[in-house]
Amino acid sequence: MKHQLIITFILLLLSTLGFGQTEVQIDSIFANWIDQPKKPGGAALVLRRDSVIYSRGFGNADIINNIPNTANTKFQLAGMSKHFTAFAIFLLEEQGKLHLTDDVRKYLPQLKGYGKVITIKHLLSQTSGLNDFWTLRLLLGWKEIDTFTQQDALNIVYAQETLGFSPGEAYNNTETESLLLAEIVAKVSKQSFSVFCAENIFKPLKMYNTVFVDNADTLMQDLAIAYQATENGFQQSQMPYANFGSTNLYSSVNDLAIWELNMQSSIVGSQSIFEQMNTPAQLNDGSMIDPTNGRVTLGQQFLHKERGVLNIYQTGGLGGYTSSIFKFLNDEFTVIVLSNSGESYTGYLGMQTAYLFLEESFKTPAVVDFSTLHTKKISGKKLKSYAGHYWDKLGAVSREISLENDTLRYVRSNGNSSPLLPLGKDVFQMVSGGDEKILFTFSQKQGTKYMDLTIGESAPIVLTDYTPVELDKNNFARYAGTYYCEELHTVYEFVIENDRLLAKNIRKEP
């Protein structure tokens, strides 16, 4: 018995030493945030099965007063907020207070009819056809420092006269759907959205550092101030946003761990809800929605295979805050990273942490070995037929395929390009620096050339051949004039100044 106790102690000691070594390795991933005086940073947490195995803050929450970030510091979650808005809807459905097939106008009669039914499920699937209110806000000339309320956002949405497409026929990742879902929660529950979430989600789970903010002047304790890096050092970001549902949830990594564990134990909500939230969204024809960032779920997250390993994730970013969560389902491993550093994306830190822990699971190499590809010989005449300009209608982006020294190249807008390797008739693979397989498939129908761009397992992006129009100052006069947008109640004036065509708006710089 004594020998068995000694063996057990040795194994426990080795295990502890092993994780201590791993902890040092995790710290090295966040080295840029560790022990940096007068610099913002973030916080990270790792869940393995049902245990928190790493939780730490880095850098400062407040660089003026030298207050450090901790695992309990609140950060703005931005796009990650949508997940909780969706949960609130499913909670009300489980209580029998609404149905996903309900017409949204049953609860929000201010929304125009459009001659089409928009259901709650269309909102959850992001297939409503409604335009993104953030984009419309930009067109209206709102400045970043302008206070922007929930009602401001709703006024923009309710003014829309037409849809971009029929509900359920296409997908468009906008902020509008979650904004309206939050309004439906308030209407059905007869409480403000923030109060409903506090009383039905956060307080029962003791998530005391989590709150939906519906007032730009709200004061919070243990808050990380968001910063932006400038030539003169870090500057505090302006956060005048009071709209919610699609954003404005503040939380800590420790609280988000409580939430993730709740999805395993179902203290608040049921397993049925969480299964529905992980269910892929569908279009009217039953097809899955597979944009390049992953398969869309009803829980406002994405299913994606990272180097062949299935994970469900979501990221967010707003005004100097970034957030990310990556959950590797089969490995029962979750990593959460929140930041106030001003970086545009910090999810790569979470992925590096996952690579450290799940090294044996990632069978696919981090970089495609293009020397192993079996390429085909294609004539110069055939290669030339693929070259040209292609237009992505949904993304409103132009792409160019050029032919240089008998090699097709994918040309980016900034002038650099990547070679395309021929795999077979009309199919090419782009030489890239990552693990994703990027394929270009060319076709022709009724005299029009098409190019399908497929990244990994995503649905293809369909681009159409077109001839760019070259304009010079002699052509500008045809566009000059004053234009009024009835939906947005705004005016743009196009004028010619110093041989340039300028768009002027009373609230925007030319």
Side-chain angles (χ1 to χ4, degrees), residues 27-44 56-71 73-81 132 134-135 137-149 152 175 213 215-243 246-253 315-324 336-352 412-416 502-510:
D27 286 346
S28 70
I29 293 173
F30 296 90
N32 192 47
W33 289 350
I34 294 177
D35 299 327
Q36 296 287 344
K38 297 296 183 181
K39 284 185 66 174
R56 180 172 178 181
F58 313 96
N60 282 330
D62 181 340
I63 61 178
I64 299 298
N65 297 300
N66 200 32
I67 299 173
N69 281 318
T70 72
T73 302
K74 298 182 185 72
F75 297 82
Q76 159 78 267
L77 300 191
M80 279 175 58
S81 309
D132 180 51
W134 281 114
T135 305
R137 176 182 183 271
L138 180 66
L139 288 172
L140 273 164
W142 287 72
K143 296 179 175 61
E144 289 299 317
I145 61 172
D146 293 339
T147 299
F148 190 64
T149 68
D152 291 328
E175 305 290 291
V213 171
N215 188 317
D217 297 323
T218 299
L219 298 176
M220 287 179 281
Q221 292 182 330
D222 299 321
L223 173 67
I225 296 171
Y227 294 94
Q228 298 283 0
T230 69
E231 293 180 356
N232 300 317
F234 285 97
Q235 179 178 328
Q236 183 173 336
S237 297
Q238 298 292 326
M239 292 295 294
Y241 312 114
N243 56 294
S246 61
T247 189
N248 262 345
L249 178 64
Y250 287 79
S251 189
S252 67
V253 292
T315 63
L318 181 66
Y321 291 107
T322 57
S323 56
S324 65
I336 303 164
V337 178
L338 306 179
S339 170
N340 65 328
S341 68
E343 298 173 66
S344 60
Y345 176 70
T346 54
Y348 67 94
L349 298 168
M351 288 307 307
Q352 289 178 16
R412 297 175 182 81
S413 58
N414 59 5
N416 66 344
L502 298 180
K504 290 188 173 183
N505 176 278
I506 193 170
R507 300 187 68 177
K508 292 179 68 69
E509 294 295 323

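Side chains are part of it too, since the values below use all heavy atoms of this structure and drop only hydrogens, waters and symmetry mates.
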- Atom pair CD/CG of Glu343 and Leu349 - distance to nearest 0.5 Å: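 The CG atom of Leu349 is 6.5 Å from CD of Glu343, to the nearest 0.5 Å.
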- Query: Taking atom CD1 of Ile225 and atom OH of Tyr321, what is their separation to the nearest 0.5 Å?
  - Reply: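 If we round to the nearest 0.5 Å, Ile225:CD1 and Tyr321:OH are 7.5 Å apart.
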- Message: Please find the pair of heavy atoms, one from Pro240 and one from Glu144, that lie closest to each other, and give the distance.
- Response: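 Heavy atoms of Pro240 and Glu144 come nearest at CG-O, 3.1 Å.
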- Query: Where is the tightest heavy-atom contact between Thr70 and Ala43, given as atom of each residue plus distance?
  - Reply: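 Looks like O-CB, 3.8 Å.
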- Mark yes or no: Arg56 above the aromatic ring of Phe30, with NZ or CZ under 6.0 Å from the six-membered ring centre and no more than 45 degrees from the axis. no
- Message: Can you tell me which residue among Asn69, Asn60, Asn32, Thr346 is in a side chain to side chain contact (heavy atoms under 4.5 Å, CB included) with Ser341?
- Response: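 So, applying the side chain to side chain contact (heavy atoms under 4.5 Å, CB included) to Ser341 and each of Asn69, Asn60, Asn32, Thr346, only Thr346 qualifies.
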- Dump the intermediate steps for side-chain contact (heavy atoms from CB on, under 4.5 Å) on Trp33 and Lys39, then the final yes or no. CA-CA 8 Å; Trp33 289 350; Lys39 284 185 66 174; over 6 Å; no
- salt bridge (Lys or Arg N to Asp or Glu O under 4.0 Å) involving Lys508 - partner list, sequence neighbours excluded: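 Salt bridge (Lys or Arg N to Asp or Glu O under 4.0 Å) check on Lys508 returns nothing, list empty.
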- Message: Could you check whether any side-chain heavy atom of Asp152 comes within less than 4.5 Å of a side-chain heavy atom of Trp142, counting everything from C-beta outward?
- Response: yes
- ring pair (Phe, Tyr, Trp, His ring centres under 6.0 Å), paired with Tyr241, selected from Tyr250, Phe148, Trp134: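 Answer after filtering Tyr250, Phe148, Trp134: Trp134.
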- Task: State whether the side chain of Asp146 and the backbone N or O of Lys143 hold a donor-acceptor pair below 3.5 Å, judged by distance alone.
- Result: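 Flag set: sc Asp146 to bb Lys143 pair under 3.5 Å.
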- Message: Tell me whether Arg137 is salt-bridged to Asp132, with the criterion being a basic N under 4.0 Å from an acidic carboxylate O.
- Response: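 Not counted as a salt bridge, because no side-chain N and carboxylate O are separated by less than 4.0 Å.
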